[in-house]
Each structure stands twice: as C-alpha cells, then as structure tokens.
Participant: 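Below are the structure tokens for one structure; questions will follow.
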Amino acid sequence: FPPSARGSGSMMRMTPARILRARGRRPVSSRPPLFLGANWTGSLEDAAAADALADDLNAPRWSSDDGARLGLCSHPPHVFLDRVRARLDARVRVGAQHADARANTGATTAAMLKAVGVDWVLLGRPGRRNVLGEGDALIAAAAAACLAAGLGINLTLGETAAQRAA
C-alpha cells in the first residue's frame, strides 16, 4: 500500500484502481477508448444508399466489452446528418465533414451541427485544404467554434498527393 494509506488514522478503502494510481499507473478501465472515425465520400448521393450504409454500421461486429473500449464515429455528408443520426445505433456517434467558423449564407456552423445531434467534426481534410484553399487560420477558427459548441474535433492531415506519395 502507498504511504498515504498506512498509519494516517483514516480508513481509506484501497481499491485496485487506487493502488495502480498510487504507483503512477492508470487502471485499464480509465484509459480513453480507441477512436475510429469513418468519413463518407461523395459517392453516396441518395437517401437509400445512406440508409444502407447506416444499417451496415449497425450490424454487430464487436462484443459489449469491445464496444466500451472503442469509440466509433460516422461522418456522412451534411444533407444526411440528421437522417443517419436517427438511424444509427447509439454506440456509433455522428460527425460532420466540415463546420464553418462563422454564420453566413450557406454556412453550417458548429452550433447548427450541435443542434442536430452531431458529436464530432472533421477539419483539415486534403480536399478542403488543397482544392478549396482552406488554410491554418481558417481551420483554427473553425476548431475554436467547434470546441466552444461542445463538439469533438477530428483533425486530419491536409497533405497533397505529392506529399502522400513521397
């Protein structure tokens, strides 16, 4: 037992988790879960295809113990966010593929995404960086807006095709 649990006169219950923490180690149950986020490409363009993929994601592929250690998140196109969120098993989170830092015509803000049940947002994707010219400052502003709205951020590497091939 660690010194704080001996001879102090107090009756502290020493659980295995407390013993591990006292030794500078974390108990397995307190480790954060692994995270797997799946970004949907633009190849699914109708509701039936979105429904089929959501149903496939709902198929049991893990034991209940694995499910507690693995965080799954699906990132469908914006137009299918609410539809997919309503259809998915509660163990699978829903993330957006983008969030705009500020409101303007056609923008989808972090607050809007939170309002429809989104938990995560992808930022920094290569297509947005390399094709649309999104830079670090814009991505940082979007990240700040997402965090302020209570959303998690899945920051991706925005490498070019040449960088990826190297």
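Treat the numbers as computed from the prediction; the structure is a model and nothing was measured. One is the number of the first residue; the rest follow in order along the sequence.
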Participant: Treating Ile, Leu, Val, Met, Phe, Trp and Tyr as nodes and any side-chain heavy-atom pair under 4.5 angstrom as an edge, say whether Leu122 and Val84 lie in one connected cluster.
Facilitator: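 The answer is no; the residues belong to distinct hydrophobic clusters.
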Participant: Which residue pairs pass the ring-ring contact (aromatic ring centres under 6.0 Å, His included) test when at least one of the two sits in residues 90-148, sequence neighbours left out?
Facilitator: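 Those involving residues 90-148 are Phe35-Trp120.
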Participant: Return each pair, listed once, that meets salt bridge (charged side-chain N to carboxylate O under 4.0 Å, His left out) where at least one residue sits in residues 140-151; pairs must be two or more places apart or across chains.
Facilitator: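 Qualifying pairs: none.
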Participant: Could you state whether Leu151 and Leu155 fall into the same hydrophobic cluster, counting links through intermediate Ile, Leu, Val, Met, Phe, Trp or Tyr residues with side-chain heavy atoms under 4.5 angstrom apart?
Facilitator: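 Looking at the clustering, Leu155 is in the same group as Leu151.
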Participant: Report the residues that fulfil side-chain contact (heavy atoms from CB on, under 4.5 Å) with Thr109, sequence neighbours left out, ordered by chain and then residue number.
Facilitator: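 So Thr109 forms a side-chain contact (heavy atoms from CB on, under 4.5 Å) with Ala103, Ala111, Met112.
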Participant: What is the minimum heavy-atom distance between Val118 and Gly95, and which atoms define it?
Facilitator: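 Nearest pair, atom of Val118 first, then Gly95: CG1-CA, 4.0 Å.
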Participant: What distance separates Leu72 CG from Arg93 CZ, expressed to the nearest 0.5 Å?
Facilitator: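 If I round to the nearest 0.5 Å, the distance is 10.5 Å.
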Participant: Check whether Leu57 and Val116 end up in the same hydrophobic cluster, where Ile, Leu, Val, Met, Phe, Trp and Tyr are linked by side-chain heavy atoms less than 4.5 Å apart.
Facilitator: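 Yes; Val116 is reachable from Leu57 via cluster members.
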Participant: Applying side chain to side chain donor-acceptor pair (under 3.5 Å), which residue pairs with at least one partner in residues 70-82 are found, sequence neighbours left out?
Facilitator: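 Residue pairs passing side chain to side chain donor-acceptor pair (under 3.5 Å), neighbours aside: Trp40-Ser74, Asp82-Arg85.
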Participant: Using the test side-chain contact (heavy atoms from CB on, under 4.5 Å), find all partners of Asp136 that sit at least two apart in sequence or belong to another chain.
Facilitator: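 Counting only residues at least two positions away or on another chain, Asp136 forms a side-chain contact (heavy atoms from CB on, under 4.5 Å) with Arg129.
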Participant: So, do Leu123 and Thr156 sit near enough that their side-chain heavy atoms are less than 4.5 Å apart?
Facilitator: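 Not touching, per the 4.5 Å side-chain cut-off.
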Participant: If two hydrophobic side chains count as joined below 4.5 Å and joins carry through other members, does Leu44 share a cluster with Leu81?
Facilitator: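 Yes, Leu44 connects to Leu81 through the hydrophobic network.
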Participant: Not counting sequence neighbours, which residues clear side-chain hydrogen bond (donor to acceptor under 3.5 Å, both in side chains) with Asn58? List them please.
Facilitator: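 Not a single residue meets the side-chain hydrogen bond (donor to acceptor under 3.5 Å, both in side chains) criterion with Asn58.
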Participant: Provide the closest heavy-atom pair for Ala99 versus Leu113 in the form atom of the first, atom of the second, distance.
Facilitator: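 Heavy atoms only, the tightest pair is CB-CD1, 3.7 Å.
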Participant: Could you pull out all residues at least two apart from Asn104 that satisfy side-chain hydrogen bond (donor to acceptor under 3.5 Å, both in side chains)?
Facilitator: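 Asn104 satisfies side-chain hydrogen bond (donor to acceptor under 3.5 Å, both in side chains) with no other residue.
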Participant: Quick one: side-chain hydrogen bond (donor to acceptor under 3.5 Å, both in side chains) partners of Arg87, sequence neighbours excluded?
Facilitator: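 Here the qualifying residues are Asp55.
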Participant: For residues 142-150, which side-chain donor-acceptor pairs fall under 3.5 Å, sequence neighbours excluded?
Facilitator:
none

Participant: Test of understanding: with side-chain hydrogen bond (donor to acceptor under 3.5 Å, both in side chains), list the residues that count as partners of Asp119, not counting sequence neighbours.
Facilitator: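 side-chain hydrogen bond (donor to acceptor under 3.5 Å, both in side chains) list for Asp119, sorted by chain: empty.
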Participant: What salt bridge (charged side-chain N to carboxylate O under 4.0 Å, His left out) pairs are there with at least one residue in residues 98-112, not counting sequence neighbours?
Facilitator: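 Salt bridge (charged side-chain N to carboxylate O under 4.0 Å, His left out) check on residues 98-112 returns no pairs.
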Participant: For Asp56, give me all partners under salt bridge (Lys or Arg N to Asp or Glu O under 4.0 Å), at least two apart in sequence or on another chain.
Facilitator: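 Here the qualifying residues are Arg61.
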